Trainee: 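Have a look at the structure that comes next, please.
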Amino acid sequence: MALRAAILRHVRVPLQASPKLQPWNGSIRSMSSHDDHLTKEEVVDRVLSVVKDFPKVDPSKVTPEVHFQKDLGLDSLDNVEIVMALEEEFKLEIPDKEADKIDSCHLAIEYISNHPMAG
């Protein structure tokens, strides 16, 4: 301990002045790392594109309101594959509980446009 104290008395480490903090101006900044959140129109376009590109889908039938099973004739496995394609497209992970509920373009658009990490 004495050795440490003796060394510290003789070693001088230059200190850099810390930057002066600016006073808080009352504005609140978003805590999200994604300041460039997608617009609803971008989400709609990309969701429709993913669904139209699905092999078993007739692209002419795809609209923002289309239901995967009732309108496009897809089965539950196809539904899972579309949700997985949407996860990949938007670089997010949809929990199974939520993914099971997404059975239409409308629900996919709503979920993704409200997801803070969709990219």
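Sequential numbering from 1 along the given sequence is applied to the chain's residues. Everything quoted here is computed from the prediction, not taken from an experiment.
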Trainee: Under 4.5 Å between any side-chain heavy atoms of L74 and I82, yes or no?
Mentor: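 Yes. Closest side-chain heavy atoms under 4.5 Å.
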Trainee: Set out, in order, the CA-CA distance, both residues' side-chain angles and the distance that settles side chain to side chain contact (heavy atoms under 4.5 Å, CB included) for F54 and V62, then state yes or no.
Mentor: CA-CA 11 Å; F54 193 71; V62 177; over 6 Å; no
Trainee: Group every Ile, Leu, Val, Met, Phe, Trp and Tyr by side-chain heavy-atom contacts under 4.5 Å, then state whether L38 and V44 land in the same group.
Mentor: yes
Trainee: Would you give the length of the straight line joining atom NE2 of H67 to atom CG of D103, rounded to the nearest 0.5 angstrom?
Mentor: 3.5 Å
Trainee: Can you tell me if Q69 has over 12 outside heavy atoms packed within less than 6.0 Å of its CD?
Mentor: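 Yes, the 6.0 Å shell around CD holds more than 12 heavy atoms from other groups.
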Trainee: If only atom types and distance count, is the side chain of E98 paired as donor or acceptor with the main-chain N or O of P95 below 3.5 Å?
Mentor: no
Trainee: With heavy-atom distances below 4.5 Å as the criterion, would you say the side chains of C105 and T63 are in contact?
Mentor: no
Trainee: Would you say D100 and N79 make side-chain contact, with heavy atoms under 4.5 Å?
Mentor: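 D100 does not reach N79 side chain to side chain.
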Trainee: Out of curiosity, does L92 fall in the hydrophobic cluster containing V47 (side-chain heavy atoms, cut-off under 4.5 Å, transitive links)?
Mentor: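 They do share one cluster, since a chain of ILVMFWY contacts under 4.5 Å joins V47 to L92.
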Trainee: Indicate the atoms forming the closest heavy-atom contact of D71 with E65, along with that distance.
Mentor: OD2-O, 4.3 Å
Trainee: So, the side chain of E87 versus the backbone of I94: is there a donor-acceptor pair under 3.5 Å, distance only?
Mentor: yes
Trainee: Calculate, to the nearest 0.5 Å, the distance between atoms CD1 and NZ belonging to I112 and K40 respectively.
Mentor: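 Those atoms lie 11.0 Å apart.
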Trainee: List the atom of P64, the atom of L48, and the distance in Å for their closest heavy-atom pair.
Mentor: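 So the two residues come closest at N-CD2, 3.8 Å.
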Trainee: Out of curiosity, L86 CG to Y111 OH, how far, rounded to the nearest 0.5 Å?
Mentor: 11.5 Å
Trainee: Would a distance-only check, ignoring hydrogens and angles, find a side-chain to backbone donor-acceptor pair under 3.5 Å from D78 to D75?
Mentor: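 Yes, because the side chain of D78 sits within donor-acceptor range (under 3.5 Å) of the backbone of D75.
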Trainee: Could you grab the distance from atom CD of E42 to atom CZ of F90, nearest 0.5 Å is fine?
Mentor: 9.0 Å
Trainee: To the nearest 0.5 Å, what is the distance between OG (S113) and CZ (R46)?
Mentor: 12.5 Å
Trainee: P59 and V57: which non-hydrogen atoms are nearest, and at how many Å?
Mentor: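 Nearest heavy atoms, P59 then V57: CD-O, 3.2 Å.
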Trainee: What's the spacing between M84 CE and E81 CD if we round to 0.5 Å?
Mentor: 7.0 Å
Trainee: Are V83 and V66 connected into the same hydrophobic cluster when the rule is that any two of I, L, V, M, F, W, Y join if their side-chain heavy atoms are below 4.5 Å apart?
Mentor: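 Same hydrophobic cluster.
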